[in-house]
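All chains are named by letter (A, B, ...) in the order of the sequence lines, taking the proteins before the strands, and each is independently numbered beginning at 1.
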Protein chains: 2
Amino acid sequence: MKYQQQAIEKLKEYDVHPSIQRVMILDYLLSCNVHPTVDDIYSALLKDTPTLSRATVYNTVNKLVEVGLVRQLKDIDKKEARYDACLETHGHFKCVKCGKIFDFKVCDKLILDKKLEGFTVNTKTVYFQGVCPECNKVNS
Amino acid sequence: MKYQQQAIEKLKEYDVHPSIQRVMILDYLLSCNVHPTVDDIYSALLKDTPTLSRATVYNTVNKLVEVGLVRQLKDIDKKEARYDACLETHGHFKCVKCGKIFDFKVCDKLILDKKLEGFTVNTKTVYFQGVCPECNKVNS
DNA sequence: AACCTCTTTGGAAAGATTCTAACTTTAGAA
DNA sequence: TTCTAAAGTTAGAATCTTTCCAAAGAGGTT
């Protein structure tokens, strides 16, 4: 519960009632850099809170996405959606060989096309796929 | 069947046997700019081919994605995956009010971060969410 | 025609997510 | 403190998307 206090403050700031479950889940998302699936979150928190329900995890992450505290990433995984509590604009790179996910910076001003004038952009998702340096070494 | 001939040629070029179903599906993807879901494709083609199976649509789009003729877009829709036959690198903008999806250009060289040196990038996905000019007008 | 391979089909099955209805907790008023 | 209404949680059923599988079909080759 490293980020418990921060989680509570963020929830309040975004007008979401900081229930025990919500704080737990946001704390977990803030503390891990691996972009977990709903099931990852559920399994991890079940140890400490055996009464936790899967539906609560779904409700909570949906709520957090809705208010903008968390980002949903669906392309990364073939089936399950993943969640990321880092709000800074950044890209995700997934290595197709080892499956690892790397975050990288995106200079978002440079992406903008003239065609997007007049559009209000709220969320930016940049997702690359390929082979990471480690796996490139192994195969060469 | 505007793109039927083009579909057949593309399939051959990518070493995919141009069966009736595959041609139909790729033709449909090439002719529509709306990034349909599997169910959209299935429903649309069922009229002309009542014997078409949902599994065939899944098999086909998976095959097309696998060989690189079509791109899968998961983030755009909350549940269903969408498919796009346009191979040029481009971004997708989804208006959260009207649900329309707009394509826009991405100058892909500009996205690259120094951190990505050594990475081999195969696929680039850029996805924005926000409000389109039309919906911006309505609410002001 | 006989044969082989690839494709399609439909239904069953699996997997992910949402719904529902009952139960619990919370915040604020009395 | 106690009451009340609203909000949140729970467990399991239900739904929806996707894949699997075995059988049937189509196309091409000898």
Side-chain angles (χ1 to χ4, degrees), chain A residues 7-8 10-12 14-29 35-67 69-83, chain B residues 7-8 10-29 35-67 69-84:
Chain A
I8 293 170
K10 285 208 175 205
L11 286 168
K12 282 183 183 166
Y14 282 76
D15 275 329
V16 180
H17 178 77
S19 69
I20 298 167
Q21 291 84 350
R22 286 173 178 169
V23 173
M24 274 171 56
I25 291 169
L26 182 54
D27 171 72
Y28 182 73
L29 281 168
H35 313 27
T37 65
V38 163
D39 208 63
D40 292 338
I41 302 169
Y42 176 69
S43 307
L45 299 181
L46 202 60
K47 292 172 200 155
D48 300 322
T49 316
T51 170
L52 184 70
S53 161
R54 245 194 193 81
T56 300
V57 181
Y58 277 103
N59 290 340
T60 302
V61 292
N62 286 345
K63 188 93 196 167
L64 296 177
V65 169
E66 189 190 301
V67 301
L69 259 169
V70 159
R71 185 184 302 236
Q72 191 187 42
L73 313 166
K74 295 195 76 173
D75 278 312
I76 284 182
D77 218 292
K78 190 144 197 210
K79 309 182 91 169
E80 292 169 272
R82 288 165 171 278
Y83 295 88
Chain B
I8 293 171
K10 285 207 175 205
L11 287 170
K12 282 183 184 166
E13 186 188 338
Y14 282 76
D15 275 328
V16 180
H17 178 76
S19 70
I20 299 167
Q21 290 85 349
R22 287 173 177 168
V23 173
M24 273 172 56
I25 290 169
L26 181 54
D27 172 72
Y28 182 73
L29 281 168
H35 313 27
T37 64
V38 163
D39 208 62
D40 292 336
I41 302 169
Y42 176 69
S43 307
L45 300 181
L46 204 61
K47 293 172 199 156
D48 300 322
T49 315
T51 169
L52 184 70
S53 162
R54 221 179 272 273
T56 300
V57 181
Y58 277 102
N59 290 341
T60 303
V61 292
N62 286 345
K63 188 90 196 169
L64 296 176
V65 169
E66 190 191 299
V67 300
L69 260 169
V70 159
R71 183 185 302 236
Q72 191 186 41
L73 314 166
K74 294 192 78 172
D75 278 312
I76 285 183
D77 217 292
K78 193 146 198 208
K79 310 181 86 172
E80 294 168 271
R82 288 165 172 275
Y83 295 88
D84 180 5

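- Atom-to-atom, CE of B:M24 to C1' of C:dT9 comes out at 14 Å; the value is rounded to the nearest Å.
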Give the C-alpha distance, both sets of side-chain angles, the deciding distance and a yes or no for side chain to side chain contact (heavy atoms under 4.5 Å, CB included) between B:L11 and B:V23.
CA-CA 8 Å; B:L11 287 170; B:V23 173; 3.8 Å; yes

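- Close to C:dT18, at under 4.0 Å from its OP1 or OP2, lies no side-chain N or O of A:Y58.
- As a whole-Å value, the separation of B:L73 CG from D:dT17 P is 17 Å.
- The interatomic distance linking B:K79 (NZ) with D:dC16 (C1') rounds to 5 Å, in whole Å.
- Proximity of a side-chain donor or acceptor of A:R22 to a complementary backbone N or O of A:H17 within less than 3.5 Å is detected.
- One can place CD of B:E66 at 12 Å from P of D:dT19, the figure rounded to the nearest angstrom.
- Taking all atoms of both residues into account, the shortest heavy-atom contact from A:E80 to A:D39 is OE2-CB, 3.7 Å.
- With hydrogens and angles disregarded, no donor-acceptor distance shorter than 3.5 Å links the side chain of A:R54 to the backbone of A:Y42.
- Atom CG of B:N59 is separated from atom CD1 of B:I25 by 9.0 Å, given to the nearest 0.5 angstrom.
- For the pair A:V38 and A:Y83, the tightest heavy-atom approach, listed with the atom from each and the gap, is CG2-CE1, 3.7 Å.
- In this entry the distance linking CD1 of A:I41 with P of C:dT17 reads 11 Å, nearest Å.
- Computed from coordinates, the B:N62 CG to C:dT8 C1' distance equals 15 Å when rounded to whole Å.
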Any chance you could list the contact pattern along nucleotides 5-14 of chain D? Use B for base contacts, S for sugar-phosphate-only contacts and - for none, protein heavy atoms under 4.0 Å, 5' to 3'.
---SSBB---

